[in-house]
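FYI, side chains are in, hydrogens and waters are out, and symmetry mates aren't considered; it's all heavy atoms of this structure. Remember, it's a predicted structure, so these values are computed and weren't measured experimentally.
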Amino acid sequence: MADFSKFGAPRPVENGLTARSERGDIGEQWWSRRFIGVLESFALGTWLTRGRSYARKGQVISLEIAVGEVQADVQGSRVTPYRVRIGLKKFSELVWAKIEVALAEQALYSAQLLAGQFPRELEPVLAQIGAPLFPARLADLDLRCTCPDQAVPCKHIAAVFYLLAERFDEDPFLLLRWRGRSKEALLERLRALRGDVEEVPEEDRPVAAPVPTGRPVLSARLALGEPDPIAAVSGGKQAKPGPAGGDAVAFWTAGRLLPLPSHPELPPDLLLRQLPVPGAWLGGEELVRELATLYQRLAPED
């Protein structure tokens, strides 16, 4: 290990991010204590202790939590602060879909989340799906620091760990943001899966454009009010753009249908559940029910 004694003590920082805990353990809630406990289980030696001292001195200048990574600036003994990055693999959309279905099926857990609470049972539920809330090993974290210390993690990374735990104390949903889903997006999806979406009054709903008559249409983009770049073909001639802002896809001339993706642990109509209910001019709730039945019939048998 290199000798860094020549660099001296870290430079003082004005208005740095200082840990609220002045002594003892850092982390008040079960999730932040669990996070620190996981890190300490990696046997990181004195680096965590030195990092805790940095966190309490206010050496961390900035800290930002984004999808898949945490970035921070930490002031050391050099003039230029060190740049720290702590990466954690985000969950795929398929994994998040499994998580959301599992939580929506647990009325108590989903109700607690919708109320802004973070139930302890969340960790085993995610682990059962194969989506651990916390890193299982040090190799799960992509740790980088621009300091000359070859130790990983260094005291600068460790300082960010402790301040990160206090951020999780304030808002546990930042843990899920780190894994790829914001609080707003998760709660909106849970409401939709549970059927708790607030009904919009008729007078507040946007006026839908009329559907061209003469041929049935089926287009997700049309249902969502978005332009459809695929031109409809009817009788060998290109159809004119519809009033919805794009070309509608003719159902009977759509060609061979692609096989529906499936997963043994997910309901066949999961994708349908994620979409908003189309307007009455497209069939509304009745269309959704008919499509759900079709999804069930097309689902591969076990």
Side-chain angles (χ1 to χ4, degrees), residues 27-35 38 63-71 86-135 164-202 204-206 220 223-226 261 263 265-279 284-285 288-289 291-292 295:
E28 299 175 358
Q29 305 297 332
W30 75 262
W31 52 85
S32 54
R33 292 196 301 269
R34 177 82 174 104
F35 175 66
V38 168
L63 190 154
E64 181 180 355
I65 303 171
V67 173
E69 68 175 9
V70 172
Q71 292 193 0
I86 303 175
L88 181 63
K89 184 178 180 180
K90 68 176 183 178
F91 298 144
S92 68
E93 286 301 310
L94 176 59
V95 171
W96 271 114
K98 294 168 65 177
I99 292 172
E100 289 156 355
V101 169
L103 293 176
E105 291 176 346
Q106 298 289 338
L108 177 60
Y109 305 157
S110 55
Q112 289 174 318
L113 288 168
L114 290 169
Q117 302 173 14
F118 210 67
R120 188 182 294 271
E121 293 79 9
L122 189 64
E123 184 180 5
V125 168
L126 268 62
Q128 187 175 9
I129 296 174
L133 182 60
F134 302 100
L164 193 55
E166 291 201 338
R167 285 287 182 88
F168 293 153
D169 263 339
E170 299 169 358
D171 184 359
F173 287 90
L174 291 176
L175 267 168
L176 302 182
R177 173 174 172 76
W178 200 11
R179 283 296 199 179
R181 187 67 94 233
S182 69
K183 176 181 179 180
E184 294 75 15
L186 174 63
L187 298 188
E188 181 180 354
R189 196 68 60 86
L190 289 180
R191 292 189 187 98
L193 290 173
R194 285 166 47 87
D196 295 340
V197 179
E198 183 179 354
E199 183 71 16
V200 179
E202 186 72 30
D204 295 337
R205 298 177 184 175
L224 296 173
E226 299 178 1
H263 192 283
E265 300 181 20
L266 295 177
D269 62 338
L270 175 61
L271 177 60
L272 185 63
R273 300 184 189 183
Q274 312 304 311
L275 297 175
V277 178
E285 294 282 359
V288 174
R289 287 192 295 270
L291 288 176
Y295 273 58

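Glu188 CD to Leu193 CG: the interatomic distance, rounded to the nearest 0.5 Å, is 10.5 Å. The CG atom of Leu174 sits 11.0 Å away from the CG atom of Asp169 when rounded to the nearest 0.5 Å. Separation of atoms CG (Leu103) and CH2 (Trp96) is listed at 8.0 Å; rounding is to 0.5 Å. Note that CZ of Arg194 and CG of Leu187 are 11.0 Å apart. Values are rounded to the nearest 0.5 Å. Within the model, atoms CD of Glu121 and CG of Leu126 stand 12.5 Å from one another, a figure rounded to the nearest 0.5 Å. Going from atom OG of Ser32 over to atom CG of Leu175 covers 9.0 Å, rounded to the nearest 0.5 Å.
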**OP:** Could you please spell out the steps behind the side chain to side chain contact (heavy atoms under 4.5 Å, CB included) verdict for Leu176 and Lys183?
**Re:** CA-CA 7 Å; Leu176 302 182; Lys183 176 181 179 180; over 6 Å; no

**OP:** With side chain to side chain contact (heavy atoms under 4.5 Å, CB included) as the test, would you mind laying out the steps for Leu88 and Val70 before giving the verdict?
**Re:** CA-CA 8 Å; Leu88 181 63; Val70 172; over 6 Å; no

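Looking at every heavy atom in both residues, Pro132 comes nearest to Phe91 through O-CZ, 3.3 Å. Of all the heavy atoms in Pro119 and Gln112, the pair that sits closest is CB-OE1, 3.0 Å. Ala185 and Ser182 get closest at one heavy-atom pair: N-OG, 3.2 Å. Nearest heavy atoms, Ile99 versus Ala131: CD1-CB, 3.9 Å. Contact record, Phe35 with Ala165: CD2-CB, 4.1 Å, taken as the closest heavy-atom pair. Residues Ala102 and Ile129 share a closest heavy-atom pair of CB-CD1, 3.6 Å.
Classification of Arg181 and Glu100 as a salt-bridged pair holds, one side-chain N sitting under 4.0 Å from a carboxylate O.
For the pair Gln29/Phe168, no side-chain contact is recorded, criterion being any heavy-atom separation below 4.5 Å from C-beta on. The side-chain heavy atoms of Glu123 and Arg34, taken from C-beta on, include a pair separated by under 4.5 Å. Considering only heavy atoms from C-beta on, Glu69 stays 4.5 Å or farther from Ile86 through its side chain.
Without hydrogens or angle criteria, Arg179 side chain to Lys89 main chain gives a donor-acceptor distance under 3.5 Å.
You'll find the ring centres of Trp31 and Phe118 inside the 6.0 Å limit.
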